[in-house]
Each structure stands twice: as C-alpha cells, then as structure tokens.
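Here the structure is laid out as structure tokens; the discussion comes afterwards.
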Amino acid sequence: MSEPALRLSILGLGTVASGVVRILTGPDSPVSRRAGRTFDIRHVAVRDASKSRDVEIPADRITTDWNAAVSDPEVDVVLELMGGTTTAREAVLAAIAAGKHVVTANKALLAEHGDEVFAVAREAGVCVAYEAAVAGGIPIIATMGCSMTGNRVVSIEAILNGTSNFILTGMLGEQRQYEDVLAEAQDLGYAEADPAMDVDGTDAAQKLILLTQLALGKKVELNEFPRQGIDTLELADMLYAEELGYRVKLLGVTRVVGDQLEMHVEPTLLRLERAIAQTDGALNIVELHGDAVGPLVLSGAGAGQMPTASAVVADLVEVAIGRAQHTFPQLNLWQDDSGLSVMPADQIQRRYFLRFNVEDKPRVIADVADILGRNEISLASIIQHEAPEVEDAENGGTPIVPLVIMTHRTTEGRIRAAESALAELSTVRAPHIRMPVAD
Ligand code: NAP
Ligand code: HSE
C-alpha cells in the first residue's frame with residue numbers, strides 16, 4: 001500500500017471501542033484494503049488501566065491521560081468513544097484544535113454541543129464524522145448526507161433507541177418484567193452508561209435532533225418538543241393497543257407542516273401491519289420521505305458492539321480515503337438556515353389512545369364523553385371490559401375499572417384541556433395514560 005498508515009488515538013475501550021479494535025485488528029479484516037492504507041493504533045485512553053479487556057492492546061499503548069493521546073503530533077485521527085458531554089467535549093475540542101479529524105459515536109455530545117464542535121472543526125479544516133451516533137449500524141448519516149442530497153426531506157418516523165425497543169419487545173413478547181429486560185439490555189451492551197437516557201426518551205430525542213439538523217438544516221433544542229420514554233409504560237396498555245390492532249413503539253417523528261416542524265418522541269401506537277410496528281428487539285428503523293425519492297426505509301441493529309463498530313469503521317475509512325474531508329464542509333452542519341419554526345406542542349394534531357381508571361358506576365362514561373365532546377374531541381372507539389361483580393372494600397364498594405378510549409384526530413391542546421377538566425371528576429382516578437397514534 002502506497003499511503004502511509006493512518007495513526008489513531010482511541011478514547012475509550014468499552015463496548016464500542018473494543019468492537020472497533022476487533023474489526024481493525026481481525027486476521028481477515030478487509031478494512032485496510034478498502035481504505036488503501038493500514039491503521040496504526042497509537043494510543044488507547046481509558047479510565048482504569050488495570051481493568052482486564054477482551055481485546056489485546058499492547059500495555060505501552062494504553063493511557064489514562066486522554067490529553068496526551070489527543071495531542072500527540074503523530075496522530076491523524078481521534079476516535080471519541082468515551083461517551084458523556086463534559087470530558088468528551090473537552091477531548092473533541094482539543095483534538096480539533098490539534099488538527100485531528102474526529103470520529104465519534106456520541107449523540108449526547110453532538111445534540112448538546114454540535115454547533116460549537118462543527119463550527120470549530122470547519123474553522124480548523126478538519127472533519128467530524130458521526131455515523132455511529134444515530135441508529136447504531138444503520139448507515140443513516142451517509143444516506144441523508146450523500147444519497148438524498150437531491151431531496152427535500154418532508155418526514156422522518158423512526159425507532160432510534162435499541163434499549164427501549166428491546167425492553168418493549170421483551171415485555172410484550174415474553175411477558176417479562178421491565179427491570180429484568182433492562183438488565184439484559186445492559187449486559188448486552190445496548191444501554192448507555194446511564195440507562196435513564198435510554199428509557200426516558202432522551203437518547204432517541206438526541207438522535208432525532210441530529211437527523212433533523214442533517215435533513216432539514218434546522219437546529220432544535222431538546223426542550224423544544226414533547227419527549228416521553230417507556231419508563232412509565234404498563235404492559236396493560238400495550239395489550240389494549242394490541243386488542244385495537246396497534247403496537248406500541250418509542251417513535252421519533254419530524255414532519256414538515258407548512259413552515260413549521262412537528263417533532264416528538266413518545267410511546268406511540270402504530271398499526272400492526274406497519275414495518276415500524278414489526279421492528280423488534282434492539283433493531284432500529286428509519287422511515288424517510290423525500291420529495292423526489294418518495295418513501296425510503298432503513299432498518300438494522302440500532303445498538304450493540306459490532307453493529308456500532310461497523311459504523312465507526314465506515315467513518316474511519318471515509319477519512320482514510322479522504323472522502324469525509326470533501327463531504328464534511330458541504331454538509332453545512334448546525335447552521336440554522338431552514339426557515340422552519342418548531343410547532344408548539346398544543347398545535348400538534350393526531351389521534352390519541354387514552355386510558356382512565358374510573359369508578360364502575362352510572363354516568364361515568366357519559367361524564368367522560370361529555371368532557372371530551374365539550375373540548376371538540378370525537379371518540380373513535382371505547383373499551384371497557386366487563387368488571388367482576390365483587391365489592392371493592394377500599395373504595396366503598398365501587399370497583400375501579402380501566403376505560404380505554406381512541407379518539408379521532410384532534411390537537412394536543414384540546415386533549416390537555418380535556419385532561420384538566422377530567423381531573424376534576426371524582427369518579428376518574430389519577431394517573432391516566434395518553435399515547436398518540438401514528439397514522
Ligand atoms: P462504555 O462501554 O461505557 O465505554 C466507555 C469507555 O470510555 C470505557 O472504556 C471507559 O474507560 C472510557 N472512559 C470514560 N471516561 C473516560 C475518561 N475520562 N478518560 C479516559 N477514558 C474514559 O460505553 P460504550 O457503550 O462503548 O459507548 C461509547 C459511546 O458510544 C457513547 O457515546 C455511546 O452513546 C455511543 N454509542 C454506544 C452504542 C452501544 O450500543 N453501546 C451504540 C451507539 C453509540 P474504562 O473502561 O477504563 O472505564
Ligand atoms: N443506548 C443506545 C440504544 C445505543 O440503546 O439505542 C445506541 O445509540
């Protein structure tokens with residue numbers, strides 16, 4: 001090979017970084033042939049140098065000093081695979097300042113500090129590649145950044161968190177407990193260091209922010225759109241949804257509506273026959289709609305060691321070949337030039353699944369329907385299963401039963417107004433469940 005070896009500093013040697021080392025150092029690795037050059041792992045920065053690792057790195061290449069790994073003048077590319085937003089930000093900025101290209105899998109960092117990171121990289125004439133930051137092994141950044149450049153993207157609907165999807169699949173398919181499936185997702189290396197980010201919708205929202213920025217040139221902050229995770233979801237509601245012909249998924253949506261951008265990440269009911277509804281386990285799926293290409297669907301492993309390492313290595317090869325250095329400046333990342341504003345949550349229009357716990361006695365359904373009707377919410381269907389004829393001592397003899405309502409299309413504002421009025425009814429017990437329905 002005529003090109004000199006590409007010299008790397010890898011920050012982190014956890015799930016993803018170990019997978020990258022495995023691909024680069026595997027005996028039959030095709031990567032060097034594809035890149036036209038070999039890879040020389042000069043430094044690997046870790047927190048704890050004494051930890052045993054499942055990949056072999058010579059001891060003199062392991063360091064606990066990420067700064068030394070980043071500032072070595074002989075290094076060409078820094079792979080930031082530590083995670084987090086504090087040290088990772090410092091390390092990425094230091095790498096860029098030292099003239100290194102950066103490959104990162106860190107969506108939290110880019111969703112929060114992307115504007116700063118991309119601006120300094122452009123200024124320094126280096127690139128920041130981040131295929132692995134969104135949807136694990138699915139080549140969604142390459143697809144949007146290169147293959148769809150002839151399109152205006154009008155909508156994105158996606159499952160973007162493997163851990164949540166793995167939990168939902170385990171709860172529904174195997175009737176397993178939430179905590180038990182979450183622990184398995186952690187063991188399998190799908191979850192973030194703090195899994196709260198996976199299950200409360202933050203991780204999926206960060207990825208949706210990155211996709212929205214790339215597709216539409218719109219910078220959106222985490223607190224600008226509705227976000228809910230699966231951490232409060234009950235199996236009972238997933239089963240009611242199935243009874244109605246829907247599956248519940250943690251769905252991220254970005255949709256252009258006039259000059260507004262509708263965005264949300266929430267547990268959502270999807271018709272069972274849709275590909276998104278049938279995307280199970282740690283798989284992710286992204287359904288795009290481009291004005292020229294029409295619908296486009298990409299699906300694959302959204303989390304886990306080797307799928308994520310596959311995306312990191314793809315970026316590395318782009319840098320090795322020199323393609324990333326050409327495409328990165330053209331992506332115009334994090335410039336807000338879309339002319340779009342984020343739609344206020346109250347104006348978002350869709351159908352809703354509502355579940356109330358109500359006293360099983362006369363007029364209750366009539367009162368609930370009356371309040372919904374007064375808020376111009378039309379009912380599409382109601383389920384109240386027959387309650388057993390037993391006395392409920394705790395409640396003065398009146399049993400509490402679930403009342404499930406599917407509405408016709410309405411606004412979130414009307415739903416919220418109705419919820420406030422329903423909270424005043426003594427026959428309706430808090431909390432109640434509200435999930436949107438994707439059409
Ligand atoms: P991980 O298994 O927790 O590994 C993190 C690594 O970073 C560890 O090796 C840790 O060192 C090292 N590290 C942390 N802080 C450090 C510091 N201050 N100095 C030096 N080393 C430090 O995490 P991961 O799952 O590989 O995730 C890494 C990144 O990839 C995150 O941004 C994550 O969001 C992203 N990502 C992960 C997946 C996935 O499926 N896991 C998928 C896509 C993207 P020690 O080993 O010594 O503790
Ligand atoms: N924790 C993330 C997930 C990893 O479960 O999707 C992939 O970004």
Side-chain angles (χ1 to χ4, degrees), residues 9-22 43-55 57 62-70 78-92 94 103-112 130-138 140-141 158-169 181-182 184-208 210-211 229-230 250 252 265 279 281-285 300-312 315:
S9 275
I10 305 181
L11 310 185
L13 193 54
T15 305
V16 178
S18 300
V20 171
V21 171
R22 206 165 263 160
H43 309 280
V44 177
V46 295
R47 246 179 327 214
D48 177 359
S50 66
K51 218 188 246 183
S52 79
R53 309 283 170 179
D54 57 5
V55 286
I57 298 283
I62 300 252
T63 175
T64 51
D65 181 358
W66 61 260
N67 217 335
V70 157
V78 170
L79 282 70
E80 185 281 299
L81 303 171
M82 293 190 285
T85 55
T86 309
T87 310
R89 172 178 163 272
E90 281 177 52
V92 163
V103 175
T104 179
N106 193 334
K107 57 272 164 159
L109 173 71
L110 296 182
E112 204 174 313
Y130 61 102
E131 183 64 77
V134 183
I138 301 176
I140 186 63
I141 301 298
I159 293 176
L160 293 171
N161 185 265
T163 301
S164 293
N165 207 42
F166 185 77
I167 294 172
L168 293 182
T169 306
V181 200
L182 170 59
E184 190 184 351
Q186 289 178 284
D187 283 350
L188 292 168
Y190 300 152
E192 297 300 304
D194 176 3
M197 308 268 273
D198 291 295
V199 296
D200 72 2
T202 303
D203 177 84
Q206 289 166 339
K207 292 166 179 166
L208 191 65
L210 297 183
L211 288 186
I230 61 153
L250 184 66
V265 171
T279 301
L283 291 180
N284 281 188
I285 184 168
Q305 182 174 70
M306 297 315 288
T308 311
S310 153
V312 172
D315 275 345

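In each ligand, atom 1 is the first atom listed, and ligand 1 is the first ligand listed.
With Thr308 contributing its side chain and Gly304 its backbone, the two residues share a donor-acceptor pair below 3.5 Å. Remark: side-chain polar atoms of Asp203 are not paired, donor with acceptor, to backbone N or O of Met197 under 3.5 angstrom. Within the 3.5 Å criterion, the main-chain N or O of Leu13 finds a donor-acceptor partner in the side chain of Ser18. Between the side chain of Glu131 and the main chain of Ile141, a donor-acceptor pair closer than 3.5 Å is present. In terms of modelled atom types and a separation under 3.5 Å, the side chain of Asn165 and the main chain of Ala282 share no donor-acceptor contact. In this structure, Ser164 contributes its side chain and Asp198 its backbone to a donor-acceptor pair below 3.5 Å. The main-chain N or O of Gly84 is found under 3.5 Å from a side-chain atom of Asn106 such that the two form a donor-acceptor pair. In this structure, Glu80 contributes its side chain and Gly83 its backbone to a donor-acceptor pair below 3.5 Å. Formation of a donor-acceptor pair under 3.5 Å by the Ser9 side chain with backbone atoms of Val78 is not found in this model.
The CD1 atom of Ile159 sits 11.5 Å away from the NZ atom of Lys207 when rounded to the nearest 0.5 Å.
Here the side chains of Thr87 and Met82 are in contact, with some heavy-atom distance below 4.5 Å. Residues His43 and Asp65 have side chains not in contact (no heavy-atom distance under 4.5 Å, counting atoms from C-beta outward). With a 4.5 Å cut-off on side-chain heavy atoms, Arg89 and Glu112 do not count as touching. No side-chain heavy atom of Thr163 sits under 4.5 Å from any side-chain heavy atom of Pro195.
Remark: ligand 2 atoms within the under-4.0 Å shell around heavy atoms of Gly162 are 3 (C), 5 (O), 6 (O). For ligand 1, the atoms sitting less than 4.0 Å from at least one non-hydrogen atom of Asp48 are 47 (O), numbered in the order shown with element in parentheses. Near Asn161, the atoms of ligand 2 lying under 4.0 angstrom from a non-hydrogen atom of the residue are 2 (C), 3 (C), 5 (O), 6 (O). Of all the atoms in ligand 1, the ones that sit under 4.0 Å from a non-hydrogen atom of Leu13 are 6 (C), 8 (C), 9 (O). Those atoms of ligand 2 with a heavy atom of Gly302 less than 4.0 angstrom away are 6 (O), 7 (C). Under a 4.0 Å criterion applied to the non-hydrogen atoms of Lys207, ligand 2 contributes the atoms 2 (C), 3 (C), 6 (O), 7 (C), 8 (O). In the vicinity of Gly12, heavy-atom distances shorter than 4.0 Å reach the ligand 1 atoms 6 (C), 7 (O), 9 (O), 12 (C). Of all atoms in ligand 2, listed by their number and element, those nearer than 4.0 Å to a heavy atom of Asp198 are 1 (N), 2 (C), 3 (C), 5 (O). When each atom of ligand 2 is checked for a heavy atom of Tyr190 under 4.0 Å away, the hits are 1 (N), 2 (C), 3 (C), 4 (C), 5 (O). For ligand 2 and Ala303, the ligand atoms under 4.0 Å from any heavy atom of the residue are 3 (C), 4 (C), 5 (O), 6 (O), 7 (C). For ligand 1, the atoms lying closer than 4.0 Å to a non-hydrogen atom of Thr308 are 38 (C), 40 (O), 42 (C), 43 (C), 44 (C). Annotation for ligand 1: atoms under 4.0 Å from non-hydrogen atoms of Leu81 are 5 (C), 6 (C), 7 (O), 28 (C). Every atom of ligand 2 with a heavy atom of Glu192 under 4.0 Å away is listed here by number and element: 1 (N), 2 (C), 4 (C). Of all atoms in ligand 1, listed by their number and element, those nearer than 4.0 Å to a heavy atom of Ala132 are 43 (C), 44 (C).
Side-chain atoms of Thr202 and Asp200 include a donor-acceptor pair closer than 3.5 Å.
The N/O atoms of Asn284, backbone and side chain alike, include none that comes under 3.5 Å of an N/O atom in ligand 2. The shortest N or O to N or O distance between Gly302 and ligand 1 is not under 3.5 Å. For ligand 1, one of its N or O atoms has an N or O atom of Val16 under 3.5 Å away. Below 3.5 Å of separation, one finds an N or O of Arg47 facing an N or O of ligand 1. Considering backbone and side-chain atoms alike, Gly304 places an N or O below 3.5 Å from some N or O of ligand 1. Note: an N/O pair closer than 3.5 Å links Lys107 and ligand 1 by distance alone.
Regarding atom 48 (O) of ligand 1, its nearest protein heavy-atom neighbour is Lys51 NZ, 2.8 Å. Distance from atom 3 (O) of ligand 1 to its nearest protein heavy atom, with residue and atom name: Ala193 CB, 4.7 Å. Atom 2 (O) of ligand 1 has Thr15 N, 2.9 Å as its closest protein atom, hydrogens excluded (heavy atom only).
When heavy-atom distances to ligand 1 are checked against a 4.0 Å cut-off, Arg53 comes that close only through its side chain, counted from C-beta outward. Contacts between Ala105 and ligand 1 below 4.0 angstrom, taking non-hydrogen atoms only, involve backbone and side chain alike. Under 4.0 angstrom from ligand 2, there are no non-hydrogen atoms of Met197. With a 4.0 Å cut-off on non-hydrogen atoms, Gln305 does not touch ligand 1 at all.
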Test Val21 against Arg53 for side chain to side chain contact (heavy atoms under 4.5 Å, CB included), laying out the working first.
CA-CA 11 Å; Val21 171; Arg53 309 283 170 179; over 6 Å; no
Walk me through whether Leu211 and Leu160 qualify under side chain to side chain contact (heavy atoms under 4.5 Å, CB included).
CA-CA 10 Å; Leu211 288 186; Leu160 293 171; 4.2 Å; yes
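Selection from Ala133, Ala303, Gly189 by nearest heavy atom to atom 39 (C) of ligand 1 gives Gly189. Residue nearest to atom 18 (N) of ligand 1, selected from Val44, Thr87, Asp65, Leu109: Thr87 (by heavy-atom distance).
The nearest protein heavy atom to atom 23 (O) of ligand 1 is not closer than 4.0 Å. For atom 30 (O) of ligand 1, a protein heavy-atom neighbour is present inside the 4.0 Å cut-off.
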